[in-house]
Amino acid sequence: MKLIPYAYRYPYMPVEARAAVLPERNVCSIEPADETSDYLYSGNGTHRIDISGLPFADELVVTEEHLYEPQWAKTPEVPDLRPYIADIRKAVIEGRPEDGDKLLDKAQIEAGHDKYMNFDRDILYPMGSLRLHKAYWLTFKRPEEDVRDYIRWVDLLSGRVVTHWENDRGVFENEYIAACDGNLVASRFTAPEGGLDMDIDLRLPGGLNFFGRIQLDKSKYTLEKTPELFRLCFGYNPEYGKKGYVAVIRFVPKGGTVEVTDMGVKVRGADSLVVLSKAVRIEENFEFGCDLPIAEEFMKLSPDFDAYVKSNFDTLGRKMQLSRIRLGRESDYYLSGEELLRLCHNERELYPALMDKLYDMGRFYQIIDTGDIPPMWGQHNINTNLQVCAGNNTGLFDEMDVYFKYYETKFDDFRVNAQRLFGARGLLASVHCDYNSGLFYHFSRTYPHYCWTGCLGWIYNEFWGYYLVTGDLDFLRERVVPALKEMALFFEDYACDRDSRGKVIFYPSFSPEDPTPNPGYETVTCKSINPSRINAVMDIAICREILENLITACNTLGIEQDMIPHWEKQLADLPDYVLDSEGGLKEWAWEEIEENFNHRHVSHHYDLWPGRAVTPESEPEVAEAIRISNRKRGQQDDSAHGIIHRAFSAIRLKDIEELEQNMTQLIDHGFVRRNFSTAHFPYRGQFPDLQGAMPALLLEMCVFSMPGVIEFLPAMPEEFPKGELEGIWLYTWAKLHRMAWNEQGVTAAITSNRDQELTFRIRRNVKSLTINGKAHPMTGDHVLYTAKAGEEMQIEIQY
């Protein structure tokens, strides 16, 4: 048999030559992108740039974080469920959920939401929130000629993206950066002296979007063009207010000429060209002509591309250098995404150097996608939580503060949600927050997100994580305790009825998204397809975490002592969990509800991850029930976040076999793209739930921490017999400066930021464990040590 090898579009640069052009911490590719999901990307928080890497038609896509298309003049009101909630609960508990659905629909129609209710194949989809759109596209066309030594890359310490190729005339490069200094996008194009000929085409948003919906309907714009500057004024549908955005694009050639064309400009005979651009959202009082003062200021900015690169090293680079993992060989750092994926598919499924790249790219993503608002891809549930779950551990505190403030600014809306939906006090977060609204107006019978009551509690797991890594008592007092009190108040009013055992009932209750409302419900394995149910274990676990953290915080701060018995009683009244026939933890703490095992989420593992209430030591029976549940779960639709959650569960359970099964699926079966972005579904598009989660997955294999406990190598696959980890803030008021391991043992340097009793654990046959040169005898698999505030502990473990 004869096999025809794959033909790359251009001869690419050999590996041995790449060290001369590539920075060490890079992501590179040996072929241009065929689709937008494989574009290389970068950003500065406000602007995101995506670049195709085509030598003769390179495309730059610019997005600005505030560019959401308005869908209405005013955010829809929250439907008033108070007249119906008692009857909805009665219908659910009596096994008539369809009757509860009818009441839900009635309340939404009475609120004027019928125009947002779209029945498609008998499935009701909720109206989405405001829609992000691109600011503009620029295509840079050069005359086609021979190409050799093609390569494209992004420098992860500066955010500079480069398309590079060579031929007999010399070296050609297209460079792009989203500059932190000046908050702009800078591009530079070079060719042999006097040899830069380029046509630049501008494209604006509009028409049909990815989902086939009309985008930016009834919008209008003006575009003023000169050879030096383009000025765009883009006004949204005036029915929704005086809103729009401005974009300015500046052309600065070195030599040659620039002429305006119908589509953009043409450059001839230049040595090089710098293009500066930016987009600015106008939220109020937009009018055509408002671009003039923006353009005037923009013309004052320096066109020095190298200065913007240097400045980014001082911001992006500093943050990237806070934390790092090294599992692979240094010589592999110059391998492309295509080459590393090939090695995963034919040599080692969890190829070490690929893990290093994904660790960096996860942190890079959170930094470059956090500006005034945090990463916003997906609903505010497991999607966005996964995207930020490595932030506290890897020192991205500025980015986490943006995440925190995003929700804190919406508390007034969350109080409205609680009151109008359940007649409750306290806070109920929307799963679909807009960047300027937290009102809950988008749910339905098939997506009853209004009764996923644990959303804000999961978010506050990260607030609590920040306290655990920093020990910041002011943060605990001023920003954690007040919110936890209001969440506890909501659950007190929401979970007010009792079952035959005297336990409170969580209903109507939703375990996102079970059963998943897909067309025909083909993947549902239980008889009932109605998702409005009783006692979702995740919400019970989150409520327990809220109450326990609240009590712990108040005792730590010496406040609210008169309320602690009340919260302790609330804790004691929470429902007990239920096991299935094999001893696995059920998703519903209600014996009559049948399990849907072929469901992508394992939300009922919350106590294990992201919570810390269950470990094999603290709750061995619950841990074993979760282990069984984790191993039984089906794939449903192969969405990444469910597999990620199962991988986190396996790590916390020290279930290496299950961890490797889930990790190899994520790495090898279509969730990692050749630009090291990630996908939600195999080989389909780009979505950052796995992107943001990878650093946390990898570091938790290396070190587990919770108050008073640090465990080394808790779940390390055999594929990584040696490695190094740097810059990890531990969930026990301590920092791991560095850690290294090999077949002989482990070394680590850790500083505690408070006096505390620490348990150092390692599940290996240990010959010796020393701390600061002094041997400490093991008690089983651990050592107890009294750490002092500010003490750096040098730990050496020999097998």
Side-chain angles (χ1 to χ4, degrees), residues 6 27 29-31 33-39 325 327-328 332 335-362 365 377-378 382-383 386-387 389 513 516 518 522-523 525 597-602 605 609 630-651 655-698 700-701 715-720:
Y6 177 82
V27 161
S29 171
I30 55 178
E31 190 169 39
D34 293 317
E35 56 180 285
T36 55
S37 298
D38 288 324
Y39 284 25
I325 197 169
L327 299 173
D332 285 346
L335 294 177
S336 68
E338 294 88 349
E339 291 159 334
L340 285 169
L341 286 170
R342 187 188 310 147
L343 288 167
C344 286
H345 294 147
N346 64 30
E347 184 173 313
R348 295 172 66 180
E349 286 191 293
L350 299 179
Y351 197 79
L354 180 60
M355 305 302 109
D356 297 347
K357 301 279 189 179
L358 290 173
Y359 187 92
D360 270 356
M361 278 296 283
Y365 160 72
W377 291 37
I382 191 171
N383 292 319
L386 284 174
Q387 291 166 39
C389 68
E513 301 157 326
T516 298
N518 50 50
E522 295 97 340
T523 65
T525 61
F597 291 110
N598 189 32
H599 170 46
R600 60 188 180 178
H601 290 274
V602 284
H605 299 176
W609 186 92
N630 208 43
R631 290 186 165 199
K632 290 180 69 173
R633 204 58 156 196
Q635 293 295 98
Q636 193 211 346
D637 60 2
D638 293 316
S639 53
H641 53 197
I643 306 170
I644 298 165
H645 200 163
R646 293 200 298 276
F648 274 121
S649 297
I651 291 172
D655 189 348
I656 303 291
E657 183 179 358
E658 181 68 11
L659 167 64
E660 290 180 336
Q661 190 274 330
N662 286 288
M663 284 294 291
T664 53
Q665 183 174 2
L666 290 167
I667 299 303
D668 295 322
H669 296 275
F671 296 97
V672 176
R673 305 196 65 97
R674 57 194 179 95
N675 62 351
F676 298 105
S677 69
T678 61
H680 191 63
F681 298 108
Y683 302 103
R684 289 165 56 193
Q686 185 184 118
F687 195 82
D689 46 2
L690 178 58
Q691 193 89 74
M694 275 305 299
L697 283 166
L698 291 167
E700 285 223 2
M701 294 178 193
M716 184 57 66
E718 293 181 358
E719 284 88 345
F720 313 127

* **Check: Gly328 main-chain N/O paired with Asp356 side-chain donor or acceptor under 3.5 Å** => yes

* To do: Identify the two heavy atoms, one from Ala696 and one from Cys389, that lie closest to each other, and give their separation to 0.1 Å.
  => CB-SG, 3.7 Å

* If you measure from CG on Leu659 to CG on Leu697, what distance do you get to the nearest 0.5 Å? -> 8.0 Å

* With Arg633, which residues qualify under salt bridge (Lys or Arg N to Asp or Glu O under 4.0 Å), at least two apart? -> Glu587

* Would Tyr39 and Gln686 count as a side-chain contact (heavy atoms from CB on, under 4.5 Å) if you check the C-alpha gap in whole Å, the side-chain angles of each, and the deciding distance to 0.1 Å? -> CA-CA 10 Å; Tyr39 284 25; Gln686 185 184 118; over 6 Å; no

* Taking all atoms of both residues into account, what is the closest heavy-atom pair of Asn630 and Ala650, and its distance? -> ND2-N, 3.7 Å

* Please lay out, stage by stage, how Arg600 and Asp637 fare under the test side-chain contact (heavy atoms from CB on, under 4.5 Å). => CA-CA 7 Å; Arg600 60 188 180 178; Asp637 60 2; 3.0 Å; yes

* Structure fact -> Heavy-atom closest pair (Ser639 atom, Phe681 atom, distance to 0.1 Å) is CB-CE2, 3.5 Å

* Sequence neighbours left out, what pairs pass salt bridge (Lys or Arg N to Asp or Glu O under 4.0 Å) with at least one residue falling in residues 335-349? => Arg18-Glu339, Glu338-Arg674

* Asked: Out of curiosity, Leu350 CG to Leu343 CG, how far, rounded to the nearest 0.5 Å?
  -> 13.0 Å

* **side chain to side chain donor-acceptor pair (under 3.5 Å) partners of Tyr351, counting only residues at least two apart** => Arg329, Asp332

* Structure fact -> Scanning both residues in full, the closest heavy-atom pair of Ser37 with Asn675 reads O-ND2, 2.9 Å

* Structure fact -> The side chain to side chain donor-acceptor pair (under 3.5 Å) partners of Asp38 (sequence neighbours excluded) come to Arg673

* Asked: Quick check: does any side chain N or O of Asn598 sit under 3.5 Å from a backbone N or O of Gln636, one acting as donor and the other as acceptor?
  -> yes

* **By ring-ring contact (aromatic ring centres under 6.0 Å, His included) - contacts of Tyr6 (at least two apart)** => Tyr8

* Structure fact -> Those residues at least two apart in sequence (or on a different chain) that pass side chain to side chain contact (heavy atoms under 4.5 Å, CB included) with Glu657 are Arg631, Asp655

* Can you see which heavy atom on Ala715 is nearest to which on Pro717, and at what distance? => O-CD, 3.3 Å

* Structure fact -> Taken to the nearest 0.5 Å, the spacing of His645 NE2 from His605 NE2 works out to 7.0 Å

* Who pairs with Phe720 by ring-ring contact (aromatic ring centres under 6.0 Å, His included), at least two apart in sequence or on another chain? -> none

* **Separation between OH of Tyr365 and CD of Gln387, rounded to the nearest 0.5 Å** => 3.5 Å

* **Partners passing side chain to side chain contact (heavy atoms under 4.5 Å, CB included) against Asp689 (at least two apart in sequence or in another chain)** => Asn383, Leu386, Ala640, His641, Ile644, His680, Phe687

* At what distance, to the nearest 0.5 angstrom, does NZ of Lys357 lie from CG of Leu335? -> 7.5 Å

* Asked: Taking only residues two or more places apart in sequence, or in another chain, which ones meet Thr678 in a side chain to side chain contact (heavy atoms under 4.5 Å, CB included)?
  -> Leu690, Gln691

* Asked: Below 4.5 Å, heavy atoms only, C-beta onward: do Val672 and Leu340 meet side chain to side chain?
  -> no

Under 3.5 Å, which donor-acceptor pairs link side chains of residues 663-671 to any protein atom two or more places apart or in another chain?
residue, atom, partner, partner atom, Å
Thr664, OG1, Glu660, O, 2.7
Thr664, OG1, Gln661, O, 3.1
Gln665, OE1, Gln635, NE2, 2.9

